[in-house]
Amino acid sequence: MELGLVGLGKMGGNMRERIRRAGHTVIGYDHNPDLADVHSLGALVDKLKGPRVVWVMVPAGIATQITIDELAELLSPGDIVVDGGNSRWTDDEKHAEQLNAKGIGFVDCGVSGGVWGLENGYALMYGGAAEHVAKVQPIFDALKPEGDFGAVHAGRVGAGHFAKMVHNGIEYAMMQAYAEGWELLEAVDSVTDVREVFRSWREGTVIRSWLLDLAVNALDDDEHLEKLRGYAADSGEGRWTVEAAIDNAVPLPAITASLFARFASRQDDSPQMKMIAALRNQFGGHAVENKK
């Protein structure tokens, strides 16, 4: 099968290689000419035989919208666009409507696997009409991990990115739990080898996971994480998960708390904690620490 792939960064570049290893032809375009197989989107479309499938792997938001707009003018009825970035599911609905007006199909696909996906495969969650998914299926099969699991047709347009968004929300909460447990273990004198405690949990426990494996890898590199600053960004998907929970009246206390913990990580001197310290001093005479 032939595939056009737009965006050849860390994820897209490795995906191109994995698809090629499965015997498919991939023509890639990227703004970086050192990575690209062709010099423009127009050249990419011209190189593909119809009906075409073009997979978009660029940052969510404006970059994706610009790419969709351009493809809408370049592609023909019967072609398919796959958005494999981290787009918001509500954008998928707009993109599907925009492309459908020109007879072009649309599939959204949440992709998980990061830098390990080339060798291990990518977990895929896709949404769209069955006939559109069927045209892309050989590529899904090439990208997914070996075995029966790792890929799902989650539902109609938007379902793939919605499922990936919830996946990332769960990821936030799991990482937060590991981080809090690690900090508590580090805080007590009785536990003398926190790294080995984490390592021991990798077998026989109910909390073993790939994230735990990665935590041990990080501790092997820097046992007490002394080289790192306590700052964590968020991709936006945690926020969208919490917003969707509010819209659907679904309680997500763990995921919401993990998102707010990331916000707290960006404050060198928390304004909230200033107020709490002031109040404790006012009602109980508790000591406060003044700025030096």
Side-chain angles (χ1 to χ4, degrees), residues 1-32 34-37 53-60 63-64 67 80-89 92 107-128 133 135-154 159-172 174-175 178 202 208-218 220-221 232-238 241:
M1 177 177 171
E2 285 188 341
L3 178 75
L5 182 58
V6 183
L8 301 170
K10 291 180 181 178
M11 287 278 282
N14 281 346
M15 289 168 63
R16 174 176 60 177
E17 177 61 24
R18 185 171 175 90
I19 295 167
R20 284 176 173 172
R21 289 180 185 179
H24 302 290
T25 298
V26 183
I27 300 170
Y29 168 68
D30 193 275
H31 288 303
N32 182 347
D34 294 335
L35 302 176
D37 302 313
V53 176
V54 178
W55 188 302
V56 178
M57 204 70 190
V58 302
T64 295
T67 306
I80 304 287
V81 172
V82 182
D83 180 4
N86 279 333
S87 293
R88 190 183 175 108
W89 81 96
D92 294 327
V107 175
D108 64 286
C109 184
V111 182
S112 181
V115 297
W116 301 87
L118 174 59
E119 300 301 330
N120 298 341
Y122 298 88
L124 307 173
M125 296 141 269
Y126 34 93
V133 168
K135 291 181 180 179
V136 189
Q137 195 63 54
I139 302 301
F140 292 146
D141 292 342
L143 287 171
K144 70 178 288 293
E146 294 183 8
D148 297 332
F149 306 109
V152 60
H153 184 183
H161 281 144
F162 194 94
K164 175 60 163 49
M165 176 194 74
V166 174
H167 163 281
N168 281 23
I170 293 169
E171 177 187 297
Y172 274 47
M174 290 176 66
M175 288 193 289
Y178 284 130
R202 295 174 68 181
R208 62 189 185 273
S209 73
W210 187 42
L211 281 175
L212 179 61
D213 293 341
L214 296 177
V216 173
N217 289 350
D220 281 341
D221 291 339
D234 68 285
S235 64
E237 297 211 27
T241 305

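Just the heavy atoms: all of them, side chains too, but no hydrogens, waters or symmetry mates, feed the values below.
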Under 3.5 Å, which donor-acceptor pairs do the side chains of residues 1-16 form with other protein atoms, sequence neighbours left out?
from	atom 1	to	atom 2	distance (Å)
Glu2	OE1	Lys49	N	2.9
Glu2	OE2	Lys49	NZ	3.2
Asn14	ND2	Lys10	O	3.4
Arg16	NH1	Leu35	O	3.0
Arg16	NH1	Asp37	OD1	3.3
Arg16	NH1	Asp37	OD2	3.1
Arg16	NH2	Leu35	O	3.2

List for me each residue that meets side-chain hydrogen bond (donor to acceptor under 3.5 Å, both in side chains) alongside [X], sequence neighbours excluded, and say none if there are none.
X      : result
Ser87  : Asp83
Arg18  : none
Tyr172 : none
Glu146 : none

Only counting residues at least two apart or in another chain, list the ones meeting salt bridge (Lys or Arg N to Asp or Glu O under 4.0 Å) with Arg208.
none

For [X] against [Y], the heavy-atom pair lying closest together:
X      : Y      : value
Glu237 : Met165 : OE1-CA, 3.0 Å
Val82  : Cys109 : CG1-CB, 4.1 Å
Pro145 : Ala123 : CD-N, 4.3 Å
Gly128 : Asp108 : N-OD1, 4.4 Å

Can you tell if the side chain of Val216 reaches within under 4.5 Å of the side chain of Asp213, non-hydrogen atoms only?
no

State, yes or no, whether a side-chain contact exists between Val107 and Phe140 at a heavy-atom distance under 4.5 Å.
yes

Excluding sequence neighbours, so at least two apart, what forms side-chain contact (heavy atoms from CB on, under 4.5 Å) with [X]?
X      : value
Lys144 : Leu124, Asp141, Ala151
Ala232 : Arg262, Ser265
Ala142 : Ala22, His24

Mind checking ring pair (Phe, Tyr, Trp, His ring centres under 6.0 Å) for Tyr178 and listing every partner two or more places apart, or none if nothing turns up?
none

List in chain and number order the residues that pass ring pair (Phe, Tyr, Trp, His ring centres under 6.0 Å) with Tyr122, two or more places apart in sequence or in another chain; answer none if no residue qualifies.
none

Using the rule given for side-chain contact (heavy atoms from CB on, under 4.5 Å), can you reason through Tyr29 versus Thr67, listing the C-alpha separation, both sets of side-chain angles and the distance that settles it, and then say yes or no?
CA-CA 11 Å; Tyr29 168 68; Thr67 306; over 6 Å; no

Atom [atom1] of [X] and atom [atom2] of [Y]: how far apart are they, to the nearest 0.5 Å?
X      : Y      : atom1 : atom2 : result
Leu118 : Glu17  : CG    : CD    : 6.0 Å
Met175 : Asn168 : CE    : CG    : 8.0 Å
Leu143 : Trp55  : CG    : CH2   : 5.0 Å

For residues 162-172, which residue pairs qualify under salt bridge (Lys or Arg N to Asp or Glu O under 4.0 Å), counting only residues two or more places apart or in two chains?
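Qualifying pairs, neighbours excluded: none.
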
Between the main-chain N or O of Gly85 and the side-chain N or O of His161, is there a donor-acceptor pair closer than 3.5 Å?
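Between the backbone of Gly85 and the side chain of His161 there is a qualifying donor-acceptor contact (under 3.5 Å).
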
